Amino acid sequence: MTFICAPILAGDVESALADARQARAMGADLVEFRVDHLFHGEHDDEGERAVLELVRESPLPCIVTCRPTYEGGDYDGDEASRIALFERLAALGAGAGGTPPRYVDIELAALERSANLRQKALLAVEHPDQPRELATSMILSMHDFKGRPAGLLRTLERMRREPAAKVLKIAWMARSLRDNLEILDLVAERDRPMIALAMGAAGLMSRVLAPKFGAFLTFASVRPAAVTAPGQPTIEDLLTTYRFRAINPATRVYGVIGWPVEHSLSPLVHNAGFGALDPDGPGFNGVYLPLLVAPEWEPLKATLGALVDHERLDFAGGSVTIPHKEHALRFARERSQEGWVVDRIATIAGAVNTLVRLDGPAVRAGAASAPSARWLATNTDAPAVAACARSALGDNLAGRRIAIIGAGGAARAAAAGLAEAGANVSLLNRTMEKCGRLAAELNVALATAGLEAPPISAAPIDDLERTSWDMIINCTPVGMRGGPAPDSLPLDESILDRIGPDTVVFDTVYTPRLTPLLRAARERGLRTIEGANMLVHQAEAQFQLWTGRGSPEGLFARIVRERLNADSGNPA
Ligand code: NAP
């Protein structure tokens, strides 16, 4: 079992103990008291008494760490006093009538500073040559806050040569997702219990997947502000979102590849779906992570290559979001000799938002049914737009007149999905030249795919009121919170008074749920479709491809709606 340890930066005894009790209530197994602020070194009797009290009263087995400044902590007192504190703590269990800490964390750098210090440190912990009976063991640690340590493997070798080290801990600041893979390999190849963590936003994988690789523990804080290392999740994140207790060596790994990805709703939705598949059992054995990959082709190529080629990781599928949808298409095409198949809709859309490893429960669909196919690269955005359109216009979209505003990635997916479904699509955009180019490209793609769809036309935005439309879709970021024009509409509002009463208005923007365009349309009694519906449809299709099963009825819609309402402060 991999423990959850709540690190607590102890400012004073009372609040540190309150946090420890909260950690226990939330489901942590251990606490780590970081006492760098409580104990100041030589002659700090008060500090020492505070640490002893903390350990005595701890509601959970504890680790005591007094991290020196040279290792990224705040303790700037002398080393002899710090080690003497550990000796005093160990003595709590050696006849002093108390419960000693289960572990003390001592840095490799400290032990290597002087033979004398090392000898003293060994007096404070249990080890094969320890004459006393002690209940405190040593976690031997090494941290690098800048990046992967130079000489990592040699350092690890020196750590392994320390017989008193019960647990080895290694942590460094992740520069990219690939650091996690090396860290998880170190855990898999451990010679004794090991904690290995990638710090920073790119390091979440190493923390969440700790049980899959058999790590001794992972750190998780009681609340977001209480993190002691960058990138640390909260206990709630770990247990509720990532279903940490259900992760084991056989767990398949999924995730959303993008930049940024920390605000993506996909981990919430897919992890909940995995957990809900079998309400009486452990659910689907998968976990879904945010996978931060720097923009540009090279990082995507290197990282996605590392993920799919890493056998131990068991990466079985992914969502791909901005800015990597076109890169993912290129990646899949470059790997066509290795069994990567790009299906028709992704080819027409010129973008991939879904990767599916074709084994186990995955559905082998369309072009991917070739026996040699190993991975399917597809696009669920395009059919999601068509599904939204069908929900308002009926199953048959053939001949329906649909105006798409915009000429970027969302417009491209929408046009591809609707044209494939037989609709009469027009692209309208502020920059006419851009939508003209996109329409021409899409028409070539449709013809190459052998589809006899009506050609997609392009027009300036002012043409919106010259024709009557069954549906108008906004595929620009206008109206999006934090976007270029959050309070605006992508069309002249008065047009909504002149379009027919049966025209449906669909906004792909989903933050906020009710955009200025949707509000204005509703005020005029027009039917509307929220961008959240598209998000839900595309996620449901991905889930089906990965698990071979439908997501629980209404679950994704409920989670997305709740989260978007919470973000807008709107309880409705
Ligand atoms: P994009 O590639 O950056 O395209 C932006 C398009 O919007 C361009 O055609 C641009 O016109 C136009 N535009 C930008 N700012 C404008 C402004 N102030 N006034 C008028 N036109 C403007 O973006 P994208 O990836 O297509 O995404 C667009 C939106 O789609 C996003 O904001 C997102 O909310 C939404 N989306 C939703 C989902 C979903 O699941 N619901 C999925 C994907 C995207 P020019 O060509 O003239 O520059």
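Not measured: the values here are computed from a predicted model. Start at 1 and go down the list; that is how both ligands and their atoms are numbered.
Annotation: cation-pi geometry not satisfied between Arg335 and Trp375 (NZ/CZ under 6.0 angstrom from ring centroid, within 45° of ring axis).
None of Leu427, Asn424, Leu418 except one satisfies the side-chain contact (heavy atoms from CB on, under 4.5 Å) rule with Ile402; the exception is Leu418.
When every heavy atom of Pro211 is checked against every heavy atom of Thr2, the shortest pair comes out as CA-OG1, 3.2 Å. The shortest heavy-atom contact between Trp172 and Gly147 is CB-O, 3.4 Å.
For Glu441, the salt bridge (Lys or Arg N to Asp or Glu O under 4.0 Å) partners at least two apart in sequence or on another chain are Arg412.
With salt bridges taken as basic N to acidic carboxylate O contacts below 4.0 Å, none links Arg178 and Glu182.
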For ligand 1, list all ligand N or O to protein N or O distances below 3.5 Å, rounded to 0.1 Å.
| unit_1 | atom_1 | unit_2 | atom_2 | d |
| --- | --- | --- | --- | --- |
| ligand 1 | 2 (O) | Gly409 | N | 3.2 |
| ligand 1 | 9 (O) | Ala407 | N | 2.8 |
| ligand 1 | 9 (O) | Asn429 | OD1 | 3.1 |
| ligand 1 | 11 (O) | Asn429 | OD1 | 3.3 |
| ligand 1 | 26 (O) | Gly409 | N | 3.0 |
| ligand 1 | 26 (O) | Ala410 | N | 2.7 |
| ligand 1 | 30 (O) | Thr508 | OG1 | 3.3 |
| ligand 1 | 41 (N) | Thr508 | O | 2.9 |
| ligand 1 | 41 (N) | Gly531 | O | 3.0 |
| ligand 1 | 46 (O) | Asn429 | ND2 | 2.9 |
| ligand 1 | 46 (O) | Lys434 | NZ | 3.1 |
| ligand 1 | 47 (O) | Arg430 | NE | 2.9 |
| ligand 1 | 47 (O) | Thr431 | N | 3.3 |
| ligand 1 | 47 (O) | Thr431 | OG1 | 2.3 |
| ligand 1 | 48 (O) | Arg430 | NH2 | 2.9 |

